[in-house]
Novice: 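Once you've had a glance at the structure underneath, I'll fire off some questions.
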Amino acid sequence: MNVIPKQRFVQKYHLKALGGLLLFILLIWWSSRVTELDFGLFFVNFDQFLALLQKMSHPDWQYLSLVIAPLVETIKMALIGTSIGTLLAIPFSVLAARNIINNDFARGLIRLILNLIRTLPDLMLAALFVAIVGIGSLAGVLTLAVFSFGMIAKLFYEAIETIDDGPLEALQAAGATKMQMIHFAVLPQVFNHFISYFLYTFEINVRASTVLGYLGAGGIGVYLQRSLSQFAYDQTAVIILGILAVVLVIDGISNTLRERLL
């Protein structure tokens, strides 16, 4: 005879879950009061949003020929920046992995550097590199490379720390060096994850490079900023549709590759 276990009062009425939900609502309310958010303004000025959409509902398709080249430049920037950041992130991710490096000080120092890099906002990096190398795609590539390095290094060392330690212990018992352990025991287990993280970061960088163009870091963002400042919303619509098409294509290719790898 099956006997249903008797629940306590707290479990029966889900008081912990309700208390957590109430606390979350109070935090949202308190945060909105502190930051003086007024959500009513969105609805008061909603007619302006509709007017903007109406202006963008008639794209200037003749402008499309001028958009293709900067769109291709944006993709190139994202690809080069992601590749450079990934190549730099691989050795740092190994040095930051707890199951590879036993020296707490060295591992902590590497993680501190990675945390510092991830703390720097993309727009600040773009402004810095524009000041160093000037306006153009090089500043965008360098910005995306630094961003990719910080992000991918963290994802990589977390993936390394989740591998099966059996092959590592076997190679260590056989007298293998650290490089041999990494080559034969670590990389085969995390290679598919590395490719997946690379593709994911590449997708993010394609979108990010659009925003970086506002600071003169090259790509389609320069044209987007120009069309908005000139109130040429018909041209803005063409740029947005072009970016959407590129993002959809890249997202589809990335999903297909990830499904085959994983």
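In this chain, numbering begins with 1 at the start of the sequence shown.
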Novice: Please determine whether the number of non-hydrogen atoms from other residues, nucleotides or ligands lying under 6.0 Å from atom CG of Leu87 exceeds 12.
Specialist: yes
Novice: Taking all atoms of both residues into account, what is the closest heavy-atom pair of Ile101 and Val94, and its distance?
Specialist: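 Heavy atoms of Ile101 and Val94 come nearest at CG1-O, 3.6 Å.
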Novice: Would you compute the distance between atom OG of Ser209 and atom CD1 of Ile204 and round it to the nearest 0.5 angstrom?
Specialist: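 It is 12.0 Å, given to the nearest 0.5 Å.
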Novice: Donor-acceptor pair, distance only, cut-off 3.5 Å: does the side chain of Ser57 make one with the backbone of Gln54?
Specialist: yes
Novice: Among the clusters formed by ILVMFWY side chains lying less than 4.5 Å apart, do Ile80 and Ile132 turn up in the same one?
Specialist: yes
Novice: Counting C-beta onward and ignoring hydrogens, is there a side-chain heavy-atom pair between Leu171 and Met181 closer than 4.5 Å?
Specialist: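 Leu171 vs Met181: side chains touch.
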Novice: Just verifying a value: how many Å separate Leu66 CG and Gln235 CD, rounded to the nearest 0.5 Å?
Specialist: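 Result: 8.0 Å between the selected atoms.
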Novice: Between Phe202 and Phe198, what is the ring plane arrangement, given parallel below 30°, perpendicular above 60°, and tilted in between?
Specialist: parallel
Novice: Passes side chain to side chain contact (heavy atoms under 4.5 Å, CB included), Thr86 versus Phe149? Steps please.
Specialist: CA-CA 6 Å; Thr86 302; Phe149 168 73; over 6 Å; no
Novice: Backbone N or O of Val238 within a donor-acceptor pair of the Asp60 side chain at under 3.5 Å?
Specialist: no
Novice: Any Lys/Arg nitrogen of Glu161 or Arg111 sitting under 4.0 Å from an Asp/Glu carboxylate oxygen of the other?
Specialist: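 Yes, Glu161 and Arg111 are salt-bridged.
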Novice: Considering the options Asn205, Thr201, Thr143, which one meets the side-chain hydrogen bond (donor to acceptor under 3.5 Å, both in side chains) requirement together with Ser148?
Specialist: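 Result: among Asn205, Thr201, Thr143, Asn205 is the only option passing the side-chain hydrogen bond (donor to acceptor under 3.5 Å, both in side chains) with Ser148.
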Novice: Check whether any side-chain heavy atom of Ile75 sits under 4.5 Å from a side-chain heavy atom of Leu71, and report yes or no.
Specialist: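 They are not in side-chain contact.
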Novice: Restricting to non-hydrogen atoms, name the atom on Arg98 and the atom on Arg107 that form the minimum distance, rounded to 0.1 Å.
Specialist: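 Looking at all heavy atoms of both residues, the closest pair is CA-CD, 3.6 Å.
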Novice: With a 4.5 Å heavy-atom cut-off, do Phe147 and Ile117 have their side chains touching?
Specialist: no
Novice: Quick check: is Val133 connected to Leu120 through a chain of hydrophobic side chains (ILVMFWY, heavy atoms under 4.5 Å apart)?
Specialist: yes
Novice: Measure across Ala159 and Tyr197 and return the closest heavy-atom pair with its distance rounded to 0.1 Å.
Specialist: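 Heavy-atom minimum between the residues: CB-CE1, 4.0 Å.
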Novice: Do you know the tightest heavy-atom contact between Met56 and Thr236?
Specialist: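 Between these two residues, the closest heavy atoms are CE-CG2, 4.2 Å.
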Novice: When rounded to the nearest 0.5 angstrom, what is the spacing between CG in Leu27 and OG in Ser32?
Specialist: 10.5 Å
Novice: Taking a hydrophobic cluster as the set of Ile, Leu, Val, Met, Phe, Trp and Tyr residues connected by side-chain heavy atoms closer than 4.5 Å, whether directly or through intermediates, do Ile253 and Ile243 fall within one such cluster?
Specialist: yes
Novice: Determine the minimum heavy-atom distance between Ile110 and Phe92, stating which atoms define it.
Specialist: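 Looks like CG2-O, 3.7 Å.
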Novice: Does Phe191 share a hydrophobic cluster with Leu199, counting links as ILVMFWY side-chain heavy atoms below 4.5 Å and allowing steps through other members?
Specialist: yes
Novice: Hey, could you give me the CD1/CD1 distance between Ile25 and Ile28, rounded to the nearest 0.5 Å?
Specialist: 9.0 Å
Novice: Return the CH2 to OG1 distance between Trp30 and Thr35, rounded to the nearest 0.5 Å.
Specialist: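 The OG1 atom of Thr35 is 9.5 Å from CH2 of Trp30, to the nearest 0.5 Å.
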Novice: Please check if Leu187 and Phe184 belong to a single hydrophobic cluster, counting links between Ile, Leu, Val, Met, Phe, Trp and Tyr side chain heavy atoms closer than 4.5 Å.
Specialist: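 Hydrophobic grouping puts Leu187 with Phe184.
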Novice: List the steps, then state whether side chain to side chain contact (heavy atoms under 4.5 Å, CB included) holds for Phe156 with Val190.
Specialist: CA-CA 8 Å; Phe156 278 10; Val190 298; over 6 Å; no
Novice: Nearest heavy-atom pair of Ala78 and Leu144: which atoms, and what distance?
Specialist: CA-CD1, 3.8 Å
Novice: Could you tell me whether a side-chain N or O of Ser227 sits under 3.5 Å from a main-chain N or O of Leu224, the two making a donor and an acceptor?
Specialist: yes
Novice: Could you walk me through whether Ile250 and Glu203 pass the side chain to side chain contact (heavy atoms under 4.5 Å, CB included) test, one step at a time?
Specialist: CA-CA 7 Å; Ile250 293 176; Glu203 293 177 25; 3.9 Å; yes
Novice: Kindly compute the distance separating CD (Glu158) from NZ (Lys154), expressed to the nearest 0.5 Å.
Specialist: 4.0 Å
Novice: Side-chain contact test, heavy atoms from C-beta onward, threshold under 4.5 Å: evaluate it for Phe194 versus Leu155 and give yes or no.
Specialist: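 Not touching, per the 4.5 Å side-chain cut-off.
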Novice: Would you sort out whether Tyr63 and Ile239 count as a side chain to side chain contact (heavy atoms under 4.5 Å, CB included), showing the intermediate values?
Specialist: CA-CA 9 Å; Tyr63 191 67; Ile239 296 174; 3.9 Å; yes
